[in-house]
Amino acid sequence: MSYLNELNEVQRKAVTNTDGPVLVVAGPGSGKTRVLTYRIAHLIEQGAAPWEILTLTFTNKAAKEMKKRIATVVGDKANKVWAGTFHSIFSRILRVEAEKIGYTSNFTIYDSDDSKSLIGNIIRGMGLDTKKYNSNAIRSRISSAKSKLLSPQAYANNEEWLLQDRMNARPMLAEIYKRYAARCKSAGAMDFDDLLFKLYELLDQNPDNVKEKYQQKFKYVLVDEFQDTNQLQYQIVKKLVEYEGSPNNICVVGDDAQSIYAFRGATIENILDFEKDYKSKGIKIFKLEQNYRSTDHIVQAANEVITKNRKQIQKKIWSDKGEGHKIKVIKAISDTEEGRRVADTIIEHKNRYHLSNSEIAVLYRTNAQSRIIEEYLRRQNVAYKIFGGQSFYQRKEVKDLLGYMRVVVNPNDEEAFKRVVNFPKRGIGKSSIDKIIAFASENGMSLWDSLGKVPLPAKATKSLGEFVKMIRSFQRVCETANAYDAASVISKKSGVTDALKGDSSVEGVNRLENMNSLLDGVKDFVDSDEEVVGLEDKSLASFLQTIALYTDQDEDKGDKEFVTLMSVHAAKGLEFKSILLTGLEENLFPSFMSMDSPDAIDEERRLFYVAITRAEQFLTLSFAKSRIQHGKMRYNPPSRFLEEISLNHIESTAVISGRRLSEPSRAGVSGNFKSNKRAAPALMIDPKDFQPSPSSEIKEGMEVLHLKFGKGKIVKIDGGVENRIATINFSQIDSPERRIMLKFARLQIVS
DNA sequence: GTTGGTATCTGTGGA
DNA sequence: AGATACCAAC
């Protein structure tokens, strides 16, 4: 058991206390994954059967990584451990038990686009105002209802929720939820929340004692990232663990300070309550506070920031890695300058500290920020890879081909049916489809089953007949063929690839390539000999269920060296020698969505905490004074989180672009990063009196007004047509001569 | 039913 | 800015 020697004392206790309930509070970089994997390995070494161990994670990647590390201790047996995401493990169980809840095992998984589209359809079908009933808002409301265990019936009887809906002028929400659930059911589809909710219902209703079956099967239950679970997930876990005579072998691992998924129903109360819930069962609690990842300036900055939050489990992370480098702050004038300077910093890190690309990551709050960074990395010839954002599976052409596969596997799948029934065009238009939908939902049937029962124009009837025939022929292929052979036939005969072959534009070629990559993906799935418990066949149905829950960061890095670009959310659980965290501005990070809620701000702060604790040695924080957001120039002040780090952790007296940052601002706010007089003078002009002129009208010699710099005279204009730069002499400020990009400038012509 | 255009709005994170 | 929704003309 040499692996026990690789652990510190607390870690070792967390690994070897295998019986009864255990809570491991694990700070960032404290060896959490090591504890979890060694604990599982230890269980197996002590005689537990691998298939009796259930380990729930949030990403496929985490599960995969864990299995790999378990295998280094116990060998191939590791593959028999049930380790996976909540969604993937539960969908495997539901596939087996589908008949018990009125589904078939080839049910479809609706992604959020499918859900949104179906909800939009229902709203329009009910004749409701699509502005009041915004399908995204409705979808997230339904999602949060499910995550709080509210079925449509329970919702309709819940005064609190109904009242909230009335106050939001959306009294029909309960009805929409009811219809949505019914439509999913007749389509043989489950959305992401259903994968949890239906399992809960299955265990709760317990047909054929299915609950006992799984209680007995899973002797040990482990949950990673417990702070990100929602009520529903916790209740399911409890159902599996709690029964008469249960040993309560449940181990949850998490860090309340890293809870960043409240927006999808996660509740920090789960980890806060866990202790209480299992006190009488002899819970043991272990706190991992030593950070093995980062040097001290980074660790202390993180501690400082997180103390500003109100609710938390007391703990203080520490490191013995030495002081390390101070945190560097980049203050950029614009988002493009930020991109340029981020790229410069990366070059510097590579040259001066000999970091390789793979040791560097650029993080941002929103995926939309990646574009500018990308541009400057390309200019500097730095290899990079963007994670997240629009995923491969959300591209139109990929969805089209997937749509065919889905209809073949489950012809009741309404969203897939709508997508492909008239693609390529075969003369089945909106009105025909609307008629079918109306008939189907009135009779509680699927669209597919309604075909032939609805009178349609002759042309539509004929094409629909051919469509049905084609799908049936694909289904026959599927009876014997594996996923790849079936997918190849479908892609050829359905006409989706032919529709693209004529398109020789760059995008067209790209689309065809994407479709081919999808086919390659099917092939990989078929050829892979990796053993996954609960997933034993290579059918098309099996492929679809796998990829529905498959996400972005699964692809291996390969041997290519690149700088990683990703959102802060996506970076959770990862670490890099150098982290560049960008866009630290109010309304961006913290997000504007969080501005009116202290709880939401706390969550943003935890997100910031997650971001900075990814860094091992170098942390660079950047913000831009101006940035194009949603097509408009925005001027956001520096993020409050920057202010929350004390200056002694920040590099070189905080001189940034030649100006001291630490001068107190005029308003008397003791902010380190609040603008001071020289950096950005207070407004000289009342915005009410200010009307910017179109930049195209600005010419040399004119007198103009600037909100902050006051009156100025245009000395000269140079630069290209698209990028005219004016040199302006502002007589009212200290250093009067300024060079201003006209396309960004807001100037009012005086004369 | 299809096509192409304009108007509108929304606007984070992700299984 | 970009996607989507809607509308008018073919």
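Each chain gets a letter, A, B and so on, in the order its sequence line appears, and its residues count up from 1.
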Handout entry: Set of side chain to side chain donor-acceptor pair (under 3.5 Å) partners for A:Ser147, sequence neighbours left out
Key = none

Exercise for the section: Could you please spell out the steps behind the salt bridge (charged side-chain N to carboxylate O under 4.0 Å, His left out) verdict for A:Arg371 and A:Glu375? Expected result: CA-CA 6 Å; A:Arg371 278 194 45 183; A:Glu375 190 184 321; over 6 Å; no

Exercise for the section: Provide, to the nearest angstrom, the distance between the CE atom belonging to A:Met190 and the C1' atom belonging to B:dA15. Expected result: 15 Å

Exercise for the section: Please name the residue in the list A:Asp165, A:Asn134, A:Asn136 that meets the side-chain hydrogen bond (donor to acceptor under 3.5 Å, both in side chains) test with A:Arg141. Expected result: A:Asp165

Handout entry: ring-ring contact (aromatic ring centres under 6.0 Å, His included) between A:Phe387 and A:His569, intermediate numbers included
Key = CA-CA 11 Å; A:Phe387 292 80; A:His569 280 92; over 10 Å; no

Problem - side-chain N/O A:Thr59 vs B:dG14 OP1/OP2, d < 4.0 Å - result: no

Completion exercise
Which of B:dA15, B:dT12, B:dG14 is nearest the side chain of A:Met593? It is B:dT12

Handout entry: A:Tyr234 vs A:Phe226, ring-ring contact (aromatic ring centres under 6.0 Å, His included): CA-CA, chis, key distance, verdict
Key = CA-CA 9 Å; A:Tyr234 187 26; A:Phe226 190 65; 5.3 Å; yes

Practice task
Consider the side chain of A:Ala570, meaning its heavy atoms from C-beta on, and name the nucleotide among B:dA15, B:dG14, B:dT12 that approaches it most closely.
Solution key: B:dG14

Distances for protein N or O near nucleotides 4-9 of chain B N or O, under 3.5 Å:
none

Exercise for the section: Not counting sequence neighbours, which residues clear side chain to side chain donor-acceptor pair (under 3.5 Å) with A:Tyr180? List them please. Expected result: A:Ser115, A:Asp191

Practice task
Pick base, sugar-phosphate or nothing for A:Ser594, based on heavy-atom distances below 4.0 Å to the nucleic acid.
Solution key: nothing

Exercise for the section: Rounded to the nearest angstrom, tell me the gap between atom CD1 in A:Ile601 and atom P in B:dG13. Expected result: 17 Å

Exercise for the section: May I have the distance from A:Asp193 (atom CG) to B:dG14 (atom P), rounded to whole angstrom? Expected result: 16 Å

Exercise for the section: Verify, without hydrogens or angle tests, whether A:Thr461 (side chain) and A:Leu456 (backbone) share a donor-acceptor contact under 3.5 angstrom. Expected result: yes

Problem - P spacing across the pair B:dG13 / C:dT4, given as an integer number of angstrom - result: 15 Å

Practice task
Using only side-chain N and O atoms of A:Asn422, determine if any of them is under 4.0 Å from OP1 or OP2 of B:dT2.
Solution key: yes

Handout entry: Parallel, tilted or perpendicular: ring planes of A:Tyr261 versus A:Phe58, cut at 30 and 60 degrees
Key = parallel

Problem - Aromatic stack A:Phe263/B:dG13: centroid gap under 5.5 Å, interplanar angle under 30° - result: yes

Exercise for the section: Ignoring hydrogens and angles, tell me if any N or O in the side chain of A:Ser463 forms a donor-acceptor pair with the backbone of A:Arg426 under 3.5 Å. Expected result: yes

Problem - Main-chain N/O of A:Leu195 paired to A:His87 side chain as donor or acceptor, under 3.5 Å - result: no

Practice task
Grab the NE2-P distance between A:His569 and B:dA15 for me, whole Å please.
Solution key: 11 Å

Exercise for the section: Using whole Å, report how far CG of A:Asp114 lies from C1' of B:dA15. Expected result: 14 Å

Problem - Closest nucleotide among B:dT10, B:dA15, B:dT12 to the A:Asn134 side chain - result: B:dT10

Exercise for the section: Could you please name the option among B:dT12, B:dG14, B:dG1 that lies closest to any side-chain atom of A:Glu604? Expected result: B:dT12

Problem - N or O in side chain of A:Asn367 less than 4.0 angstrom from B:dT12 OP1/OP2 - result: no

Exercise for the section: Would you please name every residue forming a side chain to side chain donor-acceptor pair (under 3.5 Å) with A:Glu585, sequence neighbours left out? Expected result: A:Arg627

Exercise for the section: Whole angstrom is fine here: how far is it from NZ in A:Lys425 over to P in B:dG1? Expected result: 12 Å

Handout entry: Candidate list A:Glu603, A:Arg365, A:Glu604, test side chain to side chain contact (heavy atoms under 4.5 Å, CB included), partner A:Pro590, passing option
Key = A:Glu604

Practice task
Would you classify A:Ser112 as touching base, sugar-phosphate or nothing, given that sugar-phosphate means primed atoms plus P, OP1 and OP2, and contacts are heavy atoms under 4.0 Å?
Solution key: base

N/O-N/O pairs, protein side and nucleotides 2-8 of chain C side, under 3.5 Å:
| from | atom 1 | to | atom 2 | distance (Å) |
| --- | --- | --- | --- | --- |
| C:dG2 | OP1 | A:Arg371 | NH1 | 2.6 |

Practice task
Map A:Lys430 and A:Arg634 onto DNA chain B by nearest heavy atom, then report which one ends up closer to the 5' terminus.
Solution key: A:Lys430

Exercise for the section: Specify the residues of residues 584-592 of chain A, ordered by number, for which at least one heavy atom lies under 4.0 angstrom from an atom of DNA chain B. Expected result: A:Ser591, A:Phe592

Exercise for the section: Under 4.0 Å between any heavy atoms, over every strand shown, what does A:Phe58 touch: base, sugar-phosphate, or nothing? Just pick one. Expected result: sugar-phosphate

Practice task
Nearest whole angstrom, please: distance from the P of B:dA15 to the NZ of A:Lys146.
Solution key: 18 Å

Practice task
Respond yes when some side-chain nitrogen or oxygen of A:Ser567 is under 4.0 Å from OP1 or OP2 of B:dG14, and no when none is.
Solution key: yes

Exercise for the section: Mark yes when over 12 heavy atoms from residues, nucleotides or ligands other than A:Lys462 sit less than 6.0 Å from its NZ; otherwise mark no. Expected result: no

Exercise for the section: Using whole Å, report how far CG of A:Asp335 lies from C1' of C:dA1. Expected result: 13 Å

